[in-house]
Amino acid sequence: MSDPLTQTLSALADPTRRAILARLSKGEATVNELAEPFAMSLPAVSKHLKVLERAGLISRGREAQTRPCRIEPETLKAVDGWLSDYRALWEQRLDRLEAHLAKIQKEETQ
């Protein structure tokens, strides 16, 4: 079994699963509602949901005859934490580039 971050990133690698998460970010939905925009069978959508559920990105409730799905944002915080180090690196590099370009522009105007 892989670590949680690997599972999460693997689940997010698929565009269908990302679209499902985008829909769930607007509120709970049933499997039928989630399947609507896709040209695939309900069992295929269910497989995507199982991957998302195993990665901790969604959970499924129980309401009468339905099992609405909901997004679990806490799992995405782990990805954001991992990315924050890289974000800081790129921001530092962009700041240095901006300073360098400002220096060049200043030299050209003198």
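The figures that follow rest on heavy atoms only: side chains count, while hydrogens, waters and symmetry mates do not.
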Participant: Go through the structure and list residues passing salt bridge (Lys or Arg N to Asp or Glu O under 4.0 Å) with Glu91, not counting sequence neighbours.
Facilitator: none
Participant: To which residues is Val79 joined in a hydrophobic cluster, defined by side-chain heavy-atom contacts under 4.5 Å among Ile, Leu, Val, Met, Phe, Trp and Tyr, whether direct or through other members?
Facilitator: Leu5, Leu9, Leu12, Ile20, Leu21, Leu24, Val31, Leu34, Phe38, Met40, Leu42, Val45, Leu49, Leu52, Leu57, Ile58, Ile71, Leu76, Trp82, Leu83, Tyr86
Participant: Is there a donor-acceptor pair under 3.5 Å between the side chain of Arg18 and the backbone N or O of Ala13?
Facilitator: yes
Participant: Cluster partners of Val51, using ILVMFWY side-chain heavy atoms under 4.5 angstrom, listed by chain and number?
Facilitator: none
Participant: Among residues two or more places apart or on two chains, list those pairs meeting side chain to side chain donor-acceptor pair (under 3.5 Å) that have a residue in residues 35-48.
Facilitator: Arg17-His48
Participant: Drop me the distance from Leu89's CG to Leu94's CG, to the nearest 0.5 angstrom.
Facilitator: 9.5 Å
Participant: Can you list the residues that meet the side-chain hydrogen bond (donor to acceptor under 3.5 Å, both in side chains) rule with Arg67, with sequence neighbours excluded?
Facilitator: none
Participant: Taking salt bridge (Lys or Arg N to Asp or Glu O under 4.0 Å) as the definition, give me every residue that meets it alongside Lys77, ordered by chain and number, with sequence neighbours left out.
Facilitator: Glu74
Participant: What distance do Arg23 atom CZ and Glu28 atom CD have between them, rounded to the nearest 0.5 Å?
Facilitator: 9.5 Å
Participant: Mind jotting down which residue pairs meet the salt bridge (Lys or Arg N to Asp or Glu O under 4.0 Å) criterion with at least one end in residues 95-110? Sequence neighbours excluded, please.
Facilitator: none
Participant: Go through the structure and list residues passing side-chain hydrogen bond (donor to acceptor under 3.5 Å, both in side chains) with Arg60, not counting sequence neighbours.
Facilitator: Glu53
Participant: Excluding sequence neighbours, so at least two apart, what forms salt bridge (Lys or Arg N to Asp or Glu O under 4.0 Å) with Asp85?
Facilitator: none
Participant: State which residues pass salt bridge (Lys or Arg N to Asp or Glu O under 4.0 Å) with Glu33; sequence neighbours excluded, sorted by chain then number.
Facilitator: none
Participant: Mind checking what makes side-chain contact (heavy atoms from CB on, under 4.5 Å) contact with Ser84, not counting sequence neighbours?
Facilitator: Arg87
Participant: Any donor and acceptor pair, going by atom type alone, linking the side chain of Ser25 with main-chain N or O of Ala22 inside 3.5 Å?
Facilitator: yes
Participant: For Ser59, check side-chain hydrogen bond (donor to acceptor under 3.5 Å, both in side chains) against everything at least two apart and list the hits.
Facilitator: Glu72
